Amino acid sequence: SFSWNIIMGVYIQKGLLQEARELFERMPNKTVVSWNAMIAAYAQHAQLGVALELFRLMPHRDAFSWNVLISGYVQQGELKEAIHIYNQMPQHDVVSATTIIGALAQAGDLKEAAKIFEKMNQRDVVTWTAMVVGYAKHGNLTEALQLFQQMPFRDMIAWNAMISGYAQQGHLEKALELFWQMPNQDVVSWNAIISGYSQQGQLNEALQFFEQMQWKGFNPDKVTFVSLVDACAKRTALAEGKAVHFQIIESGLGSD
RNA sequence: UCCUUGGUUGGGAGC
């Protein structure tokens, strides 16, 4: 049954829902994972009705089943309905709570997000990061930083989230301070700074950082280049734009 | 212990 699920997963990944469904129907030994995967596929492809129908039909539901459905409603922007399902869930786990926290935070309802956050008995690094991002994206960097500092454990995504928060609000000095403070950077960290400069219209700083990232052996990606092109366009910096364009071709990302 | 759910970086298009 593992192998059936894996093949079904390939269909789903390619967006072949009909094929996945046919396989699902023909599977002699459907497990809860098969059901969950099928429900997730429909939920992510804006077919919540079908997802819900399968959810109701399935013989045994686990936490994944609930979470898959909840995140489907969140992804389709149906926060109210997502919360409604969340409230019907027999036992919330860290994923379901984090999904709702993330959705509330994104919608700007940080009070409600914080309420759930505080009520949770276990939070993990994902939960903390969702809160940090929520505050940062809504301009409350003080609260974001406070939570960030209170985190029991910080992974690279958490660092990047905090850095991006500062960068997006134009606080590049603070962003840089954290950038150099973090244990290791990845391409996302570099991009966060570069796009921050780009959004501020600080093309020279962005280009300087771009060079530096390459000295340090990081490969720029599509996001890096889009940020730079954007910065060049803002300043109508034709020469710089051409230089960046040349590097895009050189990097093999020209067709993206 | 393998298949299904939640957090971080960009311009545009779509929902």
Side-chain angles (χ1 to χ4, degrees), chain A residues 1-10 12-13 20 24 27 30-47 51 58 61-77 82 86 89 92-103 105-106 113 123-134 136-137 144 147-148 151 154-168 175 178-179 182 185-199 206 213 220-234 256:
Chain A
S1 172
F2 288 158
S3 37
W4 270 272
N5 289 341
I6 291 168
I7 297 167
M8 205 175 89
V10 173
I12 291 170
Q13 208 182 346
F24 175 78
M27 277 176 65
K30 289 193 265 292
T31 62
V32 65
V33 173
S34 328
W35 284 89
N36 292 343
M38 201 65 245
I39 292 170
Y42 283 119
Q44 286 158 11
H45 288 84
Q47 305 195 43
M58 70 191 294
R61 290 179 270 273
D62 63 5
F64 263 76
S65 322
W66 287 90
N67 293 339
V68 154
L69 197 63
I70 290 168
S71 98
Y73 278 94
V74 167
Q75 282 168 39
Q76 305 303 321
Y86 174 76
M89 193 172 174
H92 300 155
D93 70 1
V94 64
V95 173
S96 46
T98 304
T99 304
I100 296 296
I101 285 175
Q106 199 183 8
R123 318 168 177 108
D124 64 12
V125 63
V126 179
T127 319
W128 282 92
T129 307
M131 285 300 298
V132 168
V133 169
K137 284 235 154 86
L147 277 181
F148 178 74
M151 288 178 74
R154 285 175 281 270
D155 64 6
M156 193 143 55
I157 294 184
W159 280 95
N160 287 341
M162 194 63 237
I163 290 168
S164 304
Y166 279 119
Q168 284 163 4
L178 287 176
F179 178 89
M182 72 188 287
Q185 299 89 357
D186 67 359
V187 66
V188 173
S189 328
W190 288 91
N191 287 344
I193 301 288
I194 290 171
S195 81
Y197 279 130
S198 159
Q199 281 161 32
M213 96 183 260
D221 64 6
K222 196 182 148 185
V223 175
T224 322
F225 286 123
V226 171
S227 303
L228 290 172
V229 168
D230 195 45
C232 294
K234 271 200 185 98
D256 291 346

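These numbers come from a predicted model, not from an experiment. Chain letters run A, B, ... following the sequence lines, proteins first and then strands; every chain starts at 1.
By the salt bridge (Lys or Arg N to Asp or Glu O under 4.0 Å) test, Asp93(A) pairs with no residue at all, sequence neighbours left out. In terms of the ring-ring contact (aromatic ring centres under 6.0 Å, His included) criterion, residue partners of Phe225(A) (sequence neighbours excluded) are, by chain and number, Phe210(A). Residues passing the side chain to side chain contact (heavy atoms under 4.5 Å, CB included) test with Ala161(A), sequence neighbours excluded: Thr129(A), Val133(A). Residues forming a side-chain hydrogen bond (donor to acceptor under 3.5 Å, both in side chains) with Tyr197(A) (at least two apart in sequence, or on another chain): none. Annotation: side-chain hydrogen bond (donor to acceptor under 3.5 Å, both in side chains) contacts of Lys222(A) (sequence neighbours excluded): none. Every residue two or more places apart in sequence or in another chain was checked for a side-chain hydrogen bond (donor to acceptor under 3.5 Å, both in side chains) with Ser198(A), and none qualifies. Residues forming a side-chain hydrogen bond (donor to acceptor under 3.5 Å, both in side chains) with Ser164(A) (at least two apart in sequence, or on another chain): none. Under the side chain to side chain contact (heavy atoms under 4.5 Å, CB included) criterion, Ser195(A) pairs with Gln199(A), Ser227(A), not counting sequence neighbours.
Residue Thr127(A) is in base contact, counting any heavy-atom pair closer than 4.0 Å across all strands shown. Among the protein residues, Thr98(A) comes within range of the nucleic acid bases, having at least one heavy atom under 4.0 Å from a base atom. Counting any heavy atom pair closer than 4.0 Å across all strands shown, Asp155(A) reaches a base atom. At a threshold of 4.0 angstrom between heavy atoms, the contacts of Lys234(A) with the nucleic acid are absent. Residue contacts shown for Asp93(A) are absent, as no nucleic acid heavy atom lies under 4.0 Å away. Heavy atoms of Val32(A) sit nowhere under 4.0 angstrom from any nucleic acid atom. In this structure, Val74(A) reaches neither bases nor backbone, as no heavy-atom distance under 4.0 Å exists between it and the strands shown. Val133(A) comes within 4.0 angstrom of sugar-phosphate atoms only, judged by non-hydrogen atoms across all strands, and of no base. Nucleic acid contact for Gln76(A): none, since no nucleic acid atom lies under 4.0 Å from a heavy atom of the residue.
A heavy atom lying under 4.0 Å from RNA chain B marks the following residues of residues 37-45 of chain A, by number: Ala37(A), Ala40(A). The stretch residues 186-196 of chain A touches RNA chain B through Val188(A), Asn191(A), Ala192(A), Ser195(A), each having a heavy atom under 4.0 angstrom from the strand.
Protein chain A contacts RNA chain B over a range whose 5' and 3' limits, counting nucleotides with an atom under 4.0 angstrom from a non-hydrogen atom, are C2(B) to G11(B).
Counting heavy atoms from C-beta on, the side chains of Met156(A) and Val188(A) never come closer than 4.5 Å.
Counting only Watson-Crick or G-U wobble pairs whose defining distances are both under 3.5 Å, RNA chain B contains no stem of 3 or more consecutive pairs.
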